[in-house]
Amino acid sequence: MFDLNEIRKRAQMANEQALDAIKEAREKSGELAAHAEISHAEDACPSAAETEAQVNANTQRQVEILGQVFGGDSMSRMTANEELLQNMVKEQVAAAASSNAEQLMAQFFGEDAGVLAAALEMLGTEEEDAEEEDIFDEQLEERLYTVLEETITRIDSLPEPEPIFYQKQDQRWKQFGILLSGIVSTLNDHSLRGMDVEEHIPVLEQQVVSIVRRSWGINGRSDLLDKIRYLAQEGYVLRYRIYSEAESPESLLDEDMDEEERESVCRAWRFVQRYKRRYTPGFLTGWDIGRAAMLARWGSYLGWITEQEALGILWDLSRKAVEEIHSWREFAASYLFGGLLWKLLCGDSSAESYLGYLADAASKLLIGGTDSVGGEWRQCPWPAERKIGFT
């Protein structure tokens, strides 16, 4: 016979489990706001249909969490009360039709869910709400150049094992490919022990979906593969080459650009002109490849591509990286360099703190942190370039 009290007891236990997961996700999400690549699309207020869809999605996530806590028999008994649950959902939809997303989540997940909603809002941003005390001018640009050069010098002084030769079948190639995502993974507190960036639980999967969709505009397999292909074949390497060959920023401007876009192009052009005799376009490979490797791992985690497809992508990215770059320190310097160019194009005056985050992540990967965690790059030396290794 159906025991409603037992169901309530079990549901309460499941809710506590879910809140624990939310708490952990919230702690992890605190770091993400400063690090994920961004898109500035505004979110519209949800319509009634969207509201109902959100409610149903939240309900489904609760069911998934309950399924992890209870066995199949218990879930079957709970399903027997489906009609009652459906009526409750309809009541919630009617009451929440005019509510915002945060209120909806609070109704279904409890008081702490408002924090989760806020955390998910933060995932796709890069200090969007930060106070922009600085404005881009020549003085700020010069300061950023100085910070970049000092930071690269600091990274270049860190200890690193000498590159070693890897045969084609060497199992270390797999780990090397994963570690190409090391900087972004470290910033997001992702695992570097295998292809999966996180455990497969609904809250963490939602975090990754938020990053990929909101920050990159990627909504599935096709978008993902297109973006990886762009980064591997064109990316900032091509952009840097075009800007370095331009005699003036005016030749890069388009008549459809607004004033802000024009200023961004001019800033980037000045940056490239300053460094084009010191760094070739190939130096941007680390910036492009590091992000492409992260997208491959995110795509595998979300099931948009298979793990074997992701491994094949990482293998191709690894070959390209070794052809252009010769150490983890150089890879990190490339990431810093590309990161500042990106910030200049975005017009984001938080570039100085961003360079600090990148440098800290690279340092942790090379030498480890104060908590004795890290050092993954040190444990997997950079592959020495040898053409025979790729035949």
Side-chain angles (χ1 to χ4, degrees), residues 34-40 125-128 130-156 183-184 215-216 230-231 233-292 324-325 329-362:
H35 310 310
E37 279 76 7
I38 63 172
S39 64
H40 295 286
T125 67
E126 173 117 16
E127 300 181 0
E128 289 181 353
E131 295 182 4
E132 295 191 5
E133 298 178 355
D134 296 323
I135 58 173
F136 268 106
D137 54 24
E138 292 184 7
Q139 184 177 2
L140 175 57
E141 287 182 38
E142 287 296 327
R143 188 169 86 229
L144 292 174
Y145 298 155
T146 300
V147 171
L148 173 66
E149 293 163 11
E150 290 176 347
T151 307
I152 289 179
T153 299
R154 176 161 67 90
I155 292 296
D156 195 48
I183 290 180
V184 187
S215 304
W216 285 85
Y230 163 75
L231 292 173
Q233 297 178 0
E234 300 178 10
Y236 271 58
V237 170
L238 178 59
R239 184 189 294 268
Y240 187 87
R241 179 179 295 114
I242 293 172
Y243 278 47
S244 66
E245 294 172 353
E247 295 183 358
S248 69
E250 284 72 24
S251 63
L252 301 169
L253 300 177
D254 188 282
E255 60 181 10
D256 295 329
M257 291 181 176
D258 59 27
E259 185 61 28
E260 183 177 348
E261 291 171 327
R262 290 171 175 268
E263 291 176 358
S264 295
V265 170
C266 291
R267 279 194 301 269
W269 181 84
R270 288 193 294 269
F271 173 85
V272 174
Q273 294 300 311
R274 181 186 184 97
Y275 290 108
K276 69 179 184 179
R277 291 180 178 82
R278 189 184 311 183
Y279 300 113
T280 66
F283 185 62
L284 274 294
T285 297
W287 169 246
D288 287 334
I289 294 300
R291 294 180 299 147
E324 297 287 348
I325 296 176
R329 288 177 304 205
E330 187 178 343
F331 180 84
S334 171
Y335 210 95
L336 287 160
F337 192 77
L340 180 53
L341 177 55
W342 171 62
K343 284 291 189 179
L344 292 171
L345 282 165
C346 292
D348 189 341
S349 60
S350 69
E352 185 172 346
S353 61
Y354 179 67
L355 291 176
Y357 293 132
L358 298 182
D360 289 345

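- Salt bridge Arg267/Glu141: absent, no basic N to carboxylate O contact under 4.0 Å.
- To the nearest 0.5 Å, the span separating OH on Tyr230 from CG on Asp288 amounts to 7.0 Å.
- Atom CZ of Phe283 sits about 5.5 Å away from atom OG of Ser334, to the nearest 0.5 Å.
- Glu261 places a side-chain N or O within donor-acceptor distance of the main-chain N or O of Asp258, the cut-off being under 3.5 Å.
- Between Tyr243 and Ala268, the closest heavy-atom pair is CE2-CB, 3.4 Å.
- For the residue pair Arg154/Thr151, the side-chain donor-acceptor check at 3.5 Å is not satisfied.
- Taking all atoms of both residues into account, the shortest heavy-atom contact from Glu324 to Gly282 is OE1-CA, 3.7 Å.
- Across every non-hydrogen atom of Val237 and Thr285, the tightest pair is CG2-N, 3.7 Å.
- Ring pair Tyr145/Phe271 is tilted by interplanar angle, where 30° to 60° counts as tilted.
- Between Leu344 and Leu144 the shortest side-chain heavy-atom distance falls below 4.5 Å.
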Q: Under the side-chain contact (heavy atoms from CB on, under 4.5 Å) rule, what do Leu345 and Arg239 come out as? Steps first, then yes or no, please.
A: CA-CA 11 Å; Leu345 282 165; Arg239 184 189 294 268; 3.6 Å; yes
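- Put simply, CD on Glu255 and CZ on Arg262 are 8.5 Å apart, with the number rounded to the nearest 0.5 Å.
- Looking only at distances, no side-chain donor or acceptor of Asp348 sits under 3.5 Å from a matching main-chain atom of Ala351.
- Atom CH2 of Trp216 and atom CZ of Arg291 lie 4.5 Å apart (nearest 0.5 Å).
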Q: Decide side-chain contact (heavy atoms from CB on, under 4.5 Å) for Gln139 and Arg143; before the verdict, give the C-alpha distance in whole Å, the side-chain angles of both, and the deciding distance to 0.1 Å.
A: CA-CA 6 Å; Gln139 184 177 2; Arg143 188 169 86 229; 5.6 Å; no
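- The backbone N or O of Ala246 lies less than 3.5 Å from a partner atom in the side chain of Trp269, making a donor-acceptor pair.
- When all heavy atoms of Ser244 and Gln273 are compared, the pair lying nearest together is O-NE2, 3.5 Å.
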**Q.** Steps toward side-chain contact (heavy atoms from CB on, under 4.5 Å) verdict (Glu259, Glu263)
**A.** CA-CA 6 Å; Glu259 185 61 28; Glu263 291 176 358; 3.6 Å; yes
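- Checked against a 6.0 Å centroid threshold, the rings of Tyr275 and Phe337 count as neighbours.
- Contact between Ile183 and Ala332 at its shortest, heavy atoms only, is CD1-CA, 4.3 Å.
- Across every non-hydrogen atom of Ser349 and Leu140, the tightest pair is CB-CD2, 4.3 Å.
- Rounding to the nearest 0.5 angstrom, the gap separating the CD atom in Glu330 from the CG atom in Asp156 is 9.0 Å.
- Here the SG atom belonging to Cys346 is positioned 9.5 Å from the CG atom belonging to Leu341, to the nearest 0.5 angstrom.
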